[in-house]
Amino acid sequence: MNWGNRLTKWNKTDILKLSLARGLKYKTQQMILESYDGFDKYSSSYKPLTLGLGDNLTLTRDEIIASAENQLEICEKNAINIVTLFDEEYPNLLKQINQPPLLIFVKGVLQNADSVAIAIVGTRACTFYGRIAAESYAAHFARNNIVVVSGLAYGIDSYAHSATVKANGVTYAVIACGIDTNLPSEQAKKANKIIDSGGALISQFHCGISAFPSLFLQRNRIISGISTATVVIESGQSGGSLNTARFAGEESRDVFALPGNISSEKSKGTNELIKSGGAIITLKPEDVLEQLGLVQTSISFNEKKHKFKSPEEQKVWDAIGMEPMHIDQIADKTELEISKLLVVLLDMEFSGLLRQLPGKNYIREH
């Protein structure tokens, strides 16, 4: 992408002002950056000083300057960093997409611009199968020092973010509103955990912009654009995750999909992606890293992350797989008395080895 030699004249504030000039198409913005020595030179060339197209889109030069000052004040107050397309920390993969945003708003820490990132996306109303898969893939990527990218929505997104944080990894949450916007309490808590763990909240939208449907499509483009590949865990026949997959495909990025039950509405989208050739089938997270040619860190969960306290814990661990198992089935497999088994299960929960589910079912933690 050739932006000309005048960019040394355009500082961050100038680019912010240009981004606030309504009605300017991307190619027009590029022409302005190439043709003028900064925002003041551009704005002073117009009489009257209007920078928009159409009566309802027009802002005067003074209004744009005031709006930019307001944005900068909000960002300073909320510890939000403005990163322009020409800054070193702007993710390199995002720079490579068609019409990358001139600037992004970041709360938290961006990793090295060349860091490998993989998007994990899927339906909000996911099944337990989808949840376990999202957590498994996110944890594996995190343990291999890969940034996990998702959209902070309920369901698959949420589980991917949480599993990454739990695995001491880094995750980016790309949102469809201004970063200063008050998120629902559950999402706000998750956003804070993401930031506290070394990740970041990212938006291409100015502060003060509320989420509405058309912005989610643009958000999905950023999710795929910032990522080396996109993994669709669960999706119906329509939904945002399929749009993310489409954007990834358009940018020649790898798309992976997890197959699901052929009768499940929540897997019709992923199954169709695989059938149509729109996605590579993945049965385990290692498949993704192998396809991408990434060197993997071999981590034995029970040897390196946890030590079993007793032979009984080893027995329980071996008995329980990645599908929920009822306590009666565990007792049958381990031949442990229920009273003893309850103590072992409780200890393993406290150690982070197992998770108890409703109905006295248990599953391995990742």
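We're numbering straight along the sequence, starting at 1.
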Practice problem: Please say which of C207, C75, S19 ends up in a side chain to side chain contact (heavy atoms under 4.5 Å, CB included) with I82. | Solution: C75

Quiz item: Among side-chain atoms of T282 and Y137, is any donor-acceptor pair under 3.5 angstrom?
Solution: yes

Self-check item: I262: hydrophobic cluster co-members (side-chain, 4.5 Å)
Solution: none

Practice problem: For residues I97 and G225, report the shortest heavy-atom separation together with the two atoms involved. | Solution: CG2-CA, 3.6 Å

Quiz prompt | I194 with V121, same ILVMFWY side-chain cluster at under 4.5 Å | solution = yes

Quiz item: Under a 4.5 Å side-chain heavy-atom rule over Ile, Leu, Val, Met, Phe, Trp and Tyr, are I146 and I233 clustered together?
Solution: yes

Quiz item: Among side-chain atoms of T244 and T230, is any donor-acceptor pair under 3.5 angstrom?
Solution: no

Practice problem: Check A138 against A160 and note the closest heavy-atom contact, atom names and distance. | Solution: CB-O, 3.4 Å

Quiz item: Around atom CG of N182, are there more than 12 heavy atoms of other residues, nucleotides or ligands at under 6.0 Å?
Solution: no

Quiz item: Is any side-chain N of the basic residue among D180 and K107 closer than 4.0 Å to the acidic one's carboxylate O?
Solution: no

Quiz prompt | Other residues, nucleotides, ligands: >12 heavy atoms within 6.0 Å of K12 NZ | solution = yes

Quiz item: Which pairs pass salt bridge (Lys or Arg N to Asp or Glu O under 4.0 Å) with one or both residues in residues 252-269, sequence neighbours excluded?
Solution: E265-K268

Practice problem: Using a strict cut-off of less than 4.0 Å between a Lys/Arg side-chain nitrogen and an Asp/Glu carboxylate oxygen, indicate whether R246 and E250 qualify as a salt bridge. | Solution: yes

Quiz item: Between W317 and F308, how do the two ring planes meet: parallel, tilted or perpendicular, split at 30° and 60°?
Solution: tilted

Exercise. Would you kindly say whether E251 and S224 are connected by a side-chain donor-acceptor distance under 3.5 Å?
Key: no

